[in-house]
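One structure is given below, encoded as structure tokens.
FYI, side chains are in, hydrogens and waters are out, and symmetry mates aren't considered; it's all heavy atoms of this structure. Below, chains carry the letters A, B, ... as their sequence lines are ordered, and counting in each starts from 1. This structure is a prediction, so every number in the text was calculated from the model and none was measured.
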2 protein chains.
Amino acid sequence: MRKLKYAILGLINRKPMTGYDLTIEFDKELASFWYAKHSQIYPELKKLTDENLITFETVIQGEKLEKKVYTITEKGKQELKNWILRDEPLEPTPKDVFRLRAYFIELMNKEEIIQQFTAQLEKRQKKLAVLQSAMENLLETKDISNIISEEFGDYIVLKGAIMREQAYIDWLNECLAAVKASSYKTPSPGL
Amino acid sequence: MRKLKYAILGLINRKPMTGYDLTIEFDKELASFWYAKHSQIYPELKKLTDENLITFETVIQGEKLEKKVYTITEKGKQELKNWILRDEPLEPTPKDVFRLRAYFIELMNKEEIIQQFTAQLEKRQKKLAVLQSAMENLLETKDISNIISEEFGDYIVLKGAIMREQAYIDWLNECLAAVKASSYKTPSPGL
DNA sequence: ATTATACATGTAAATGTTGACATGTTTCAA
DNA sequence: TTGAAACATGTCAACATTTACATGTATAAT
């Protein structure tokens, strides 16, 4: 599968980067659809170098701090272009711990259900707000008129992330409304 | 983390099951938010048994086929109830290979983009249709009026899956509309 | 009768991922 | 000037997950 391979190849293809830059990029720009820890990135960079898909140049930062700036090779570009056009079957739906808890709703009483769903809703709303302000910023600073551009790629995945979060929030609100409307009364313990 | 532990505990809490039953359950009922292969399930059942969270009874099916029917213990129920009320921070957004490809849109030309997004749209629409017919069936066969019930749990996660797929489809349609409306012309090769 | 499919349970090697350990430099603010 | 935060690169053990290997029974249709 080697998905991390293509995530890294795609990023380095955009512009030469260090392992540290990749780590930041995964945390910031790709966070809404991919992530990787530095402990996974550095070994993968070594592997890609061994496979001649990337090369690096050691650059001295300041007095003595060495960093490795990686650049994609022709071979790397070919593999990347080959991957991007592959038509693969739909992945299994990703795991979601909150939905797993929601499925086992029979283990909670009405108050606990409302508490759980409300807490989740608040977290999701905060996340949505962050995405929306990122979108405002993107629209102010980037030109997305050319669909064959990194900027348009940035735009559509952010748009997708906002729509996904909104749908999650809509679902949580629907669940909360149904639960609150329910006449089921939690038996008072000890009465 | 041991998330599979709680998925299994929750299912066995609903009713006693074999490892095979769990495998089917993950593939069918839980597919929209969890999954596990039998090669992961059997060792986990062994572990949960060692931890006294479940016990099993060997049942003979037909002449000699042995199956192990697992039942949750009191200790298992306690751990499950404890887990369901835990308030944990939002998980990182799940990885999504299609969004990763979409992000690197600059690697495709207009025709390729339309082809990729259309193919994805068709797959998602088929998936949505499956979910919608599952919902029709659920509403016909199950009573979801009691919110503290397995049936209501089944209902809300299915509702959530439908809303999530619809949002994905809406996003794909928006992307396709933007791409098709774009005046950017792919340079004809060789002219 | 035979055969395909579903039922049933496991293990082992490889791969993917996380969390902790380990080390050192540079920059900026107090 | 000193201390915190950011910059920078790595390894290792443990855990999670997949793929392949491995075996056998029961049932239903042909």
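- No contact: A:Phe56 has no heavy atom under 4.0 Å from any strand.
- Along DNA chain D, the nucleotide nearest B:Lys47 and the nucleotide nearest B:His38 are compared for position; the residue whose nucleotide lies closer to the 5' end is B:Lys47.
- The residue among A:Glu66 and B:Ser39 whose nearest nucleotide of DNA chain D lies closer to the 5′ end is A:Glu66.
- Looking at heavy-atom distances under 4.0 Å, A:Lys3 makes no contact with the nucleic acid at all.
- Considering every non-hydrogen atom in both A:Asn146 and A:Phe152, the closest pair reads O-CB, 3.4 Å.
- When rounded to the nearest whole Å, the span between NZ of B:Lys37 and P of D:dT18 equals 5 Å.
- When only modelled atom types and interatomic distance are considered, B:Thr93 and A:Lys127 share a side-chain donor-acceptor pair under 3.5 Å.
- Listed nucleotides: D:dA16, D:dA8, D:dA26. Nearest to the side chain of B:Met1: D:dA16.
- Ion pairing of A:Glu165 with A:Arg124 is present here, as a side-chain N (NZ or NE/NH1/NH2) and a carboxylate O approach within less than 4.0 Å.
- Atom CD1 in A:Ile24 sits about 11 Å away from atom P in D:dT9, given to the nearest Å.
- Nucleic acid contact for B:Lys95: sugar-phosphate only, since backbone atoms but no base atoms lie under 4.0 Å from a heavy atom of the residue.
- A centroid separation of 6.0 Å or more is found between the aromatic rings of A:Tyr20 and A:Tyr42.
- Regarding B:Glu44, its CD atom lies at a distance of 10 Å from the P atom of D:dT17, rounded to whole Å.
- Projected onto DNA chain C by closest heavy-atom contact, B:Pro92 and B:Gln40 fall at different nucleotides, the more 5' of which corresponds to B:Gln40.
- Scanning DNA chain C 5' to 3' for nucleotides with an atom closer than 4.0 angstrom to a non-hydrogen atom of chain A gives a first and last hit of C:dG16 to C:dT26.
- Side-chain contact of B:Gln166 with B:Asp170: a donor-acceptor pair under 3.5 Å is present, judged by distance alone.
- No engagement by B:Thr23 is indicated, since no non-hydrogen atom pair under 4.0 Å with the nucleic acid exists.
- The shortest distance between the side-chain N/O atoms of A:Tyr20 and the OP1/OP2 oxygens of D:dC7 is below 4.0 Å.
- Nucleotide D:dG24 holds its P atom 17 Å from the NZ atom of B:Lys68, rounded to whole Å.
- If you measure from atom CD of A:Glu91 to atom C1' of D:dT18, you get 13 Å, rounded to the nearest angstrom.
- A:Tyr42 places its OH atom 7 Å from the P atom of D:dG10, with the value rounded to the nearest Å.
- In this structure, B:Ile60 atom CD1 and D:dT27 atom P are separated by 13 Å, rounded to whole Å.
- A distance-only check finds a donor-acceptor pair linking the side chain of A:Lys75 to the backbone of A:Glu51 [under 3.5 Å].
- If you measure from atom NZ of B:Lys67 to atom C1' of D:dT27, you get 13 Å, rounded to the nearest angstrom.
- Using a distance-only test at 3.5 Å, with no hydrogens or angles considered, no donor-acceptor pair links the side chain of A:Ser182 to the main chain of A:Ala178.
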